[in-house]
Visitor: 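One structure follows; several queries about it will come next.
Reminder, nothing fancy here: chain letters follow the sequence lines and each chain counts from 1.
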Number of protein chains: 2
Amino acid sequence: MNTLELIKKNLDTFSKSERKVAEAILASPQTAIHSSIANLAKIAEVSEPTVNRFCRRLDTKGFPDFKLHLAQSLANGTPYVNRNVNEDDGPEAYTSKIFESTMACLNAAKNGLDINLINRAVDVLTQANKISFFGLGASSSVAHDALNKFFRFNIPVSCFDDVVMQRMSCINCTEGDVIVLISHTGRTKPLVEVAQLARENDAFVIALTAADSPLAEQSNLVLSLGVPEDTDIYMPMSSRIAQLVLIDVLTTGFTLRRGAKFRDNLKRVKAGIKDSRFEKTED
Amino acid sequence: MNTLELIKKNLDTFSKSERKVAEAILASPQTAIHSSIANLAKIAEVSEPTVNRFCRRLDTKGFPDFKLHLAQSLANGTPYVNRNVNEDDGPEAYTSKIFESTMACLNAAKNGLDINLINRAVDVLTQANKISFFGLGASSSVAHDALNKFFRFNIPVSCFDDVVMQRMSCINCTEGDVIVLISHTGRTKPLVEVAQLARENDAFVIALTAADSPLAEQSNLVLSLGVPEDTDIYMPMSSRIAQLVLIDVLTTGFTLRRGAKFRDNLKRVKAGIKDSRFEKTED
DNA sequence: GATTTTCTTGTAGTTTTATTTCATTTCTAG
DNA sequence: CTAGAAATGAAATAAAACTACAAGAAAATC
């Protein structure tokens, strides 16, 4: 738990003098971590033992230990607090807010993931005869991205971003086929129907979507990113980034699982691209 | 600069005893920040002043100050150090490595951005008659994503991921058109030619690409993400994520610049989608 | 190869910083 | 208004960090 947040939350549980300490710290945390206990006591206009007691109340061993905790939470740039863009932000402000909230979001997503399910998904993908990635709207770019990555493994893989093609593809499914459906909310009707159709035709359905959504219910395996987002004005930015990173994770798992033989194959594909470039490397 | 990294990098500039200290810290940074100078000296089998000298050599005021620095860099989950996936990583390991290195990469990207150029890009986009997003290969999904976002602003916007269409589109360019080219390396021949073609037809060319690349030279405005990446085996994962976040930033800047009127428009587009859903929200 | 110089390291002493103890003050409840 | 409890700070104690200096090792010079 972020120390600054903790202090804010417990402001009313402190005694009068202890609150003075809290406020002094909140006013300038940077000063706090670079002060001695005597100095901070003077700033807060209390005695040294009071500062010490304040530290202990926050479950630290004492003042130096408290400074350590505080320093650590400052290092994170408080990414969880108050990072929404508002109307009068300048370029500097909205740029760092977006980057920081994206990072915070990835962090949250990481902590909320079920590693066993990921492992399971990699299993399924490794054994698939054919893999298809489906997404609609904003999620279609995630599906495309997935296609791009799996394409290099030299296995049958496809990607559709319109419902008609998705349905047609599902009808031709057989056992051993894996369909990966991508939807932030899991409430896009056509996609839920596609999931149903796929399962009726014996395909294995993996969903990258919200837990407890209609789409999740229709799927064999759900990888959910617990990333709430205000989708009312701005677009589902961060959550989509998290989906992409999840695709990265699956790709990596896939690569590792299939071992060295396949990694050679990857290199060969890359080598084949080099001709169309000024130099080496990748787009 | 990350303290642990700094220690590693300077390992050979230390004297024999100081290196003992460095190694003791690297072996268990967590122990280090919770030890007194006497304790750490004992662990490293040196004297206390040696530890103190070691701290000063790293440009800190002394041992307590050093602990603060170290604590801060530990708080970031050591994302900069040694985060490459290797063959025998389990799901847990590669998942967190990928998430963490992506976050680190975003952080690096954020710090390397030129805010003025972003502001300039937003300016140009806001005044464009027509916006086109071009990408090839892995970058095409970024272009699609951009299309998806700008599409909602109710301005002429298009996206092509094959060279032929891109060239055709460029030939029809007129002054006031803006072309956004996306390429991780900036060395994809066809895309560089497209940039040339677009400029010959009076379009304004914005490139999301590496600085000092052929593509950068052919563009009117370059937004570069200084994100080096080992593209030899794994794909350009993190850098592409950074590009996407940059698109988010541009979109946000665009939204803010055009003011409240346009934000209403966004809401209307959203409302129009709702019918095709089980509930509200967005994919 | 010896000798001087420089750099490195540790011991012991000093100073700074943090913590504990305890007396005083300030609330709170009857 | 007073007994008891809680909060606070002064002073003393303990701990930690730092400094000065001297002994020893390594490097350079003759």
Visitor: Rounded to the nearest 0.5 Å, what separation is found between the CG atom of B:D145 and the CG atom of A:L244?
Guide: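 Atom-to-atom, B:D145:CG and A:L244:CG are 7.5 Å apart.
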Visitor: Look up atom CD1 in B:I25 and atom CD1 in B:I7, then write down how far apart they are to the nearest 0.5 Å.
Guide: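 Between atom CD1 of B:I25 and atom CD1 of B:I7 there are 5.0 Å.
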Visitor: Answer yes or no: does a side-chain N or O of A:S17 lie under 4.0 Å from OP1 or OP2 of D:dT8?
Guide: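 For D:dT8, OP1/OP2 do have a side-chain N/O of A:S17 under 4.0 Å.
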Visitor: If you look at every strand shown and take non-hydrogen atoms under 4.0 Å, does A:V46 touch a base, only sugar-phosphate, or nothing?
Guide: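 If one applies the 4.0 Å heavy-atom cut-off, A:V46 turns out to touch the sugar-phosphate alone, with no base involved.
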Visitor: I'd like to check B:Q72 versus A:I33 (side-chain heavy atoms, cut-off strictly below 4.5 Å). Are they in contact?
Guide: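 The answer is yes, as the side chains (C-beta and beyond) meet within the 4.5 Å cut-off.
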Visitor: Expressed as a whole number of angstroms, how long is the span from A:K67:NZ to C:dT16:C1'?
Guide: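 Going from A:K67 (NZ) to C:dT16 (C1'), I get 12 Å.
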Visitor: D:dT8 P sits how many Å from A:F54 CZ, rounded?
Guide: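 In whole Å, D:dT8 P lies 12 Å from A:F54 CZ.
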Visitor: Whole Å only: how far is the CD atom of B:E48 from the P atom of C:dT14?
Guide: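 From B:E48 CD to C:dT14 P: 16 Å.
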Visitor: Should the pair A:F66 and A:F54 be assigned to parallel (<30°), tilted (30 to 60°) or perpendicular (>60°) ring geometry?
Guide: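 Judged by the thresholds at 30° and 60°, the geometry between A:F66 and A:F54 is perpendicular.
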Visitor: Report the nucleotide, chosen from C:dG10, D:dA17, D:dT8, that has the shortest atom-to-atom distance to any side-chain atom of B:P64.
Guide: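 The answer is D:dA17.
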Visitor: Is B:S47 close enough to C:dT9 that one of its side-chain N or O atoms is under 4.0 Å from OP1 or OP2 there?
Guide: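 So the side chain of B:S47 is outside the cut-off, no N or O lying under 4.0 Å from OP1 or OP2 of C:dT9.
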Visitor: For DNA chain D, which residues in residues 18-39 of chain A have a heavy atom at a distance below 4.0 Å?
Guide: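 Nucleic-acid contacts, sorted: none.
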Visitor: Can you check the B:L40 CG to D:dA16 C1' distance for me, whole Å?
Guide: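 Computing the B:L40:CG to D:dA16:C1' distance gives 13 Å.
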Visitor: Report the distance from atom CZ of A:R57 to atom C1' of D:dT8, rounded to the nearest whole Å.
Guide: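 Distance, rounded to whole Å: 12 Å.
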Visitor: Side-chain N or O of B:T50 less than 4.0 angstrom from OP1 or OP2 on C:dT9?
Guide: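 Indeed not, no polar side-chain atom of B:T50 lies that close.
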Visitor: Distance check, rounded to the nearest 0.5 Å: B:S224 atom OG versus B:L113 atom CG?
Guide: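 Interatomic distance, B:S224 OG to B:L113 CG, rounded to 0.5 Å: 7.5 Å.
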Visitor: Between C1' on D:dA25 and NZ on B:K16, what's the gap in Å once rounded to a whole number?
Guide: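 The answer, rounded to whole Å, is 8 Å.
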Visitor: Using atom types as modelled and distance alone, determine if a side-chain donor or acceptor of B:T60 lies under 3.5 Å from a backbone N or O of B:D65.
Guide: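 Judged by distance alone, no pair lies under 3.5 Å.
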Visitor: How long is the line joining CZ of B:R53 and C1' of D:dA20, in whole Å?
Guide: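 Rounded to whole Å, this separation is 11 Å.
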Visitor: Closest to the B:F63 side chain: C:dA12, D:dA17, D:dT8?
Guide: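 From the listed options, D:dA17 comes nearest.
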Visitor: Round to the nearest Å and state the distance from B:N52 atom CG to D:dA20 atom C1'.
Guide: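 Computing the B:N52:CG to D:dA20:C1' distance gives 13 Å.
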Visitor: Would B:L215 and B:R187 count as a side chain to side chain contact (heavy atoms under 4.5 Å, CB included) here? Give the steps.
Guide: CA-CA 6 Å; B:L215 179 55; B:R187 301 180 180 284; over 6 Å; no
